[in-house]
Amino acid sequence: MKREFQTDLAFAKELDEKDPLKNIRDRFYVQPGEIYMDGNSLGLASKDAEKALLNMMDIWKKEGIKLWDGLFHYAGKLGEMSAPLINAHPDEVVITGSTTINIHQCISTLYKPTKERYKILVDDLNFPTDRYAIDSQVRLKGYEPKNAVKVVKSQDGRLIDESAIIEAMTDDVAIILLPTVLYRSSQVLDMKRVTEAAHQKGILIGWDLCHAIGAIPMDFKDVEPDFAIWCTYKYLSAGPGSIAGLYMNRKHFKETPGLAGWWGNKDDTQFELKHEFEHQRDASGWQIGSPSFLAMAPLEGTLTIFNEVGMDQIRTKSLLITAYLMYLIDEKLAKYGYAVGNPREDSKRGGHICLEHDEAYRICKALKEANIIPDFREPNVIRLAPIALYNTYEEVYTLVETLEDIAVNKKYKKFSNERTLVV
Ligand SMILES: Cc1ncc(COP(=O)(O)O)c(C=O)c1O
């Protein structure tokens with residue numbers, strides 16, 4: 001969509017004034033004097049999340065073991081609250097495990113290699129943990145990753161071509177795992193097109209939604225993937241290491257979990273404690289062990305905000321604020337070696353901007369010195385996520401002014417280029 005912007009501060013203030021989400025910012029802990037642009041790595045804490053966590057503490061304090069009476073279905077309740085974000089049936093979603101564990105769970109459940117169909121299709125730009133999990137899953141089935149993991153390669157290190165993915169769907173592919181939004185370049189893959197193509201070829205497909213959930217609306221009743229997994233600590237702001245999401249399509253409820261545990265047993269017989277596993281036939285049947293209530297409670301708080309605001313409003317603001325950032329980059333920063341590395345079309349970019357610069361690493365350090373929090377991704381990417389719920393247009397304006405100042409005055413030079421563990 002074409003949008004008209006201006007380069008002056010007054011224009012940024014005008015956008016803030018007109019922002020329908022401007023009051024939501026007050027529900028988040030935005031640190032005075034700091035501009036937080038890293039909500040796509042670890043979302044900021046909210047008052048709603050804090051209240052839900054303290055409430056959980058209170059329940060524990062007052063009820064002890066009796067808390068199970070009210071919380072036995074808590075993972076499913078949070079799944080129900082998450083379902084609108086992807087327009088899934090509520091019984092298809094559960095909050096459990098971590099992204100990586102949930103990949104293991106879904107793949108070990110659905111990957112049933114035969115002599116003819118034994119490969120798992122992936123791309124070479126996904127986050128490494130997905131690859132580690134896939135490689136270990138094929139090994140568990142007696143294959144070598146070099147023979148059984150088929151990798152669609154990016155042509156430019158930034159983007160994956162959907163046609164290349166579809167071309168790679170040969171008769172020996174059993175299952176596919178892809179990211180919905182690429183963590184570095186912010187590219188959005190066309191889930192509907194790719195999922196349909198996979199199903200036409202008799203291949204199962206799952207999506208890693210880590211960079212998509214809470215950033216872009218999705219419609220799983222329409223796309224009908226086989227499974228999906230996501231973390232809740234990025235756009236969903238549920239806290240460091242918060243419990244992840246798992247979607248299992250209803251058509252697979254009949255499958256037995258690859259990684260069974262007593263929390264996947266049928267609710268009504270779980271406490272009979274029998275040694276024969278009876279699978280609960282909905283997404284909660286893919287839980288493994290006891291749910292971690294204290295790590296889940298903040299999600300209840302933030303999901304309240306997401307369901308109140310709705311993904312459509314969130315996406316509308318996200319598209320506008322990222323378009324504004326790209327405009328300012330083009331107008332003010334392009335001459336200093338900065339370049340937009342993400343796709344520009346609305347339908348093709350996620351919630352963050354991928355800003356490239358040869359000195360990206362040192363520029364990130366200089367930004368932090370100026371109290372602006374970005375994150376760096378090898379080899380040359382400054383990831384910037386103006387989050388719809390709590391970032392302002394004025395913050396984006398100041399960010400660009402600071403990036404200009406860092407480049408013009410070579411402020412990055414005082415920092416070492418040597419990589420440290422956490423940037
Ligand atoms: C696409 C993607 N998948 C998985 C993960 C991490 O997995 P886990 O939540 O199990 O640590 C990340 C982390 O940034 C990610 O970006």
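Residue numbers start at 1 and run along the sequence shown. In listed order, ligands and their atoms are each counted from 1.
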*Number the atoms of ligand 1 from 1 as they appear, then name those within less than 4.0 Å of a heavy atom of Y233, with their elements.*
6 (C), 7 (O), 8 (P), 9 (O), 11 (O), 13 (C)

_Quick one: does any side-chain atom of S237 pair with a main-chain N or O of L44 as donor and acceptor, under 3.5 Å?_
yes

*Considering only heavy atoms of T99, which atoms of ligand 1 have at least one such atom less than 4.0 Å away?*
4 (C), 7 (O), 8 (P), 9 (O), 10 (O)

*Any cation-pi pair here, K47 with Y29, using under 6.0 Å and within 45°?*
yes

*asked:* Give the atom numbers and elements of ligand 1 that come within less than 4.0 Å of a heavy atom of K234.
replied: 13 (C), 14 (O), 16 (O)

*Angle class for the W68/F293 ring planes (parallel below 30°, perpendicular above 60°, tilted otherwise)?*
tilted

*For ligand 1, which part of T100 has a heavy atom less than 4.0 Å away: the side chain, the backbone, both, or neither?*
both

*Using heavy atoms and a threshold below 4.0 Å, how should the contact between T129 and ligand 1 be classified: side chain, backbone, both, or neither?*
side chain

*Under 3.5 Å donor-acceptor, K150 side chain and V173 backbone*: no

*Of all heavy-atom pairs between D208 and L177, which one has the smallest distance, and what is that distance?*
N-CD1, 4.2 Å

*Going by atom types only, do Y132 and D130 share a side-chain donor-acceptor pair under 3.5 Å?*
no

*asked:* Applying a heavy-atom cut-off of 4.0 Å, say which part of D130 lies close to ligand 1: side chain, backbone, both or neither.
replied: side chain

*Looking at S98, which atoms of ligand 1 are within less than 4.0 Å of one of its heavy atoms?*
10 (O)

*Would you check the N or O atoms of N126, main chain and side chain alike, for any that come under 3.5 Å of an N or O of ligand 1?*
no

